[in-house]
Amino acid sequence: MTREQIFRSTFANAFAAYTEWVEVLEAPVKKLPISSFTSFSLELGKTRFENHDSTGRALSGEQDFTITIYFSKPQNDTAGIHNDHSDDLQLAQQFINDHIYPIPLVLPGDTFRIDDVEIVSVEPMRILAGQSRYTVVVNARYWFSCL
């Protein structure tokens, strides 16, 4: 498998098992069916190669990724919305910060190794009157090395 396939499949599967949420494709929160809550999407972002050998072959780097958690709460339940946002964010932080995500083993044929993951930032929560669907957006990155 490629580096992205290894990371995506291992991270998404482990996060789904840890949180008991289903992975969905990224979508505007208003377009998700109510049965999709609580769920998450995992989107891979920009890759930066940091070290190269003398032939120009990439030796290591990092790739951004975003976890979007989708949850629902009755309209105008401000305290409940804040509590759910905080609880969902805490699960994501524990998963990454407490190293619950198991760094994948290197298998025969793998050309890259996943080295570590880190939370970079969390998007601010927005509560608009009349809404009942919300997101928690966690921006993170993982490091990789060439084998």
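Here the structure is a predicted model, which means the values were calculated and not measured.
Side-chain contact between Y142 and F11: absent, with no pair of heavy atoms (C-beta onward) separated by less than 4.5 Å. Side-chain contact between R113 and I6 is absent, with no heavy-atom pair separated by less than 4.5 Å. The closest side-chain heavy-atom distance from D64 to R48 is below 4.5 Å. Annotation: side chain of R3 is in contact with side chain of Q63 (closest heavy-atom distance under 4.5 Å).
A distance-only check finds no donor-acceptor pair linking the side chain of Q75 to the backbone of S132 [under 3.5 Å]. Of the possible polar contacts, one joining the R8 side chain to the L42 backbone as a donor-acceptor pair under 3.5 Å is found.
Each of Y70 and I81 belongs to its own hydrophobic cluster when Ile, Leu, Val, Met, Phe, Trp and Tyr are linked at side-chain heavy-atom distances under 4.5 angstrom. Residues V117 and V120 fall into different hydrophobic clusters, defined by Ile, Leu, Val, Met, Phe, Trp and Tyr side chains chained together at heavy-atom separations under 4.5 Å. Tracing side-chain contacts under 4.5 Å through hydrophobic residues (I, L, V, M, F, W, Y), one reaches V122 starting from F40; they form part of the same cluster. There is no path of hydrophobic side-chain contacts, each under 4.5 Å, that joins L32 to W21. Linking Ile, Leu, Val, Met, Phe, Trp and Tyr residues whenever their side-chain heavy atoms come within less than 4.5 Å places L44 and F15 in a single cluster.
Across W143 and E118, no two heavy atoms sit closer than the pair CH2-OE1, 3.2 Å. Smallest separation of non-hydrogen atoms from K73 and D84: CD-OD2, 3.1 Å. Listed here is the closest heavy atom pair of I119 and A140: CA-CB, 4.0 Å. Residues H85 and T135 share a closest heavy-atom pair of CD2-O, 3.7 Å. The two atoms that bring D88 and T38 nearest to each other are OD2-CG2, 4.3 Å, heavy atoms only. Nearest heavy atoms, D110 versus L107: OD2-N, 2.8 Å.
Under the 6.0 Å cut-off for aromatic ring centres, F71 and F37 do not qualify, their centroids lying 6.0 Å or more apart.
Enclosure of atom CG in L25 is not indicated, since only 12 or fewer non-hydrogen atoms of other residues, nucleotides or ligands lie within 6.0 angstrom. More than 12 heavy atoms of other residues, nucleotides or ligands shown are found within 6.0 angstrom of CD on Q5.
Between the CE atom in M1 and the CZ atom in F7 there is a gap of 13.0 Å [rounded to 0.5 Å]. The distance from the CD atom of E26 to the NZ atom of K31 is 12.5 Å, given to the nearest 0.5 Å. Distance check, rounded to the nearest 0.5 Å: CD of E4 to CD1 of I114 gives 9.5 Å. Taking NE2 from H52 and SG from C146, the interatomic distance works out to 10.5 Å, rounded to the nearest 0.5 Å. From F65, atom CZ reaches atom OG1 of T47 across 12.0 Å, with rounding to the nearest 0.5 Å.
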**Prompt:** Stepwise, does the side chain to side chain contact (heavy atoms under 4.5 Å, CB included) test hold for V29 with Y134?
**Reply:** CA-CA 7 Å; V29 71; Y134 305 92; 6.0 Å; no
**Request:** Would you sort out whether T66 and E123 count as a side chain to side chain contact (heavy atoms under 4.5 Å, CB included), showing the intermediate values?
**Result:** CA-CA 10 Å; T66 301; E123 300 292 323; over 6 Å; no
Ignoring hydrogens and angles, write down the donor-acceptor pairs under 3.5 Å from the side chains of residues 89-106, residues two or more places apart or on other chains.
| from | atom 1 | to | atom 2 | distance (Å) |
| --- | --- | --- | --- | --- |
| Q94 | OE1 | Y18 | OH | 2.9 |
| Y101 | OH | T10 | OG1 | 2.8 |

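Relative ring orientation between F144 and F112 is described as perpendicular, the plane-to-plane angle rising above 60° on a 0-90° scale split at 30° and 60°.
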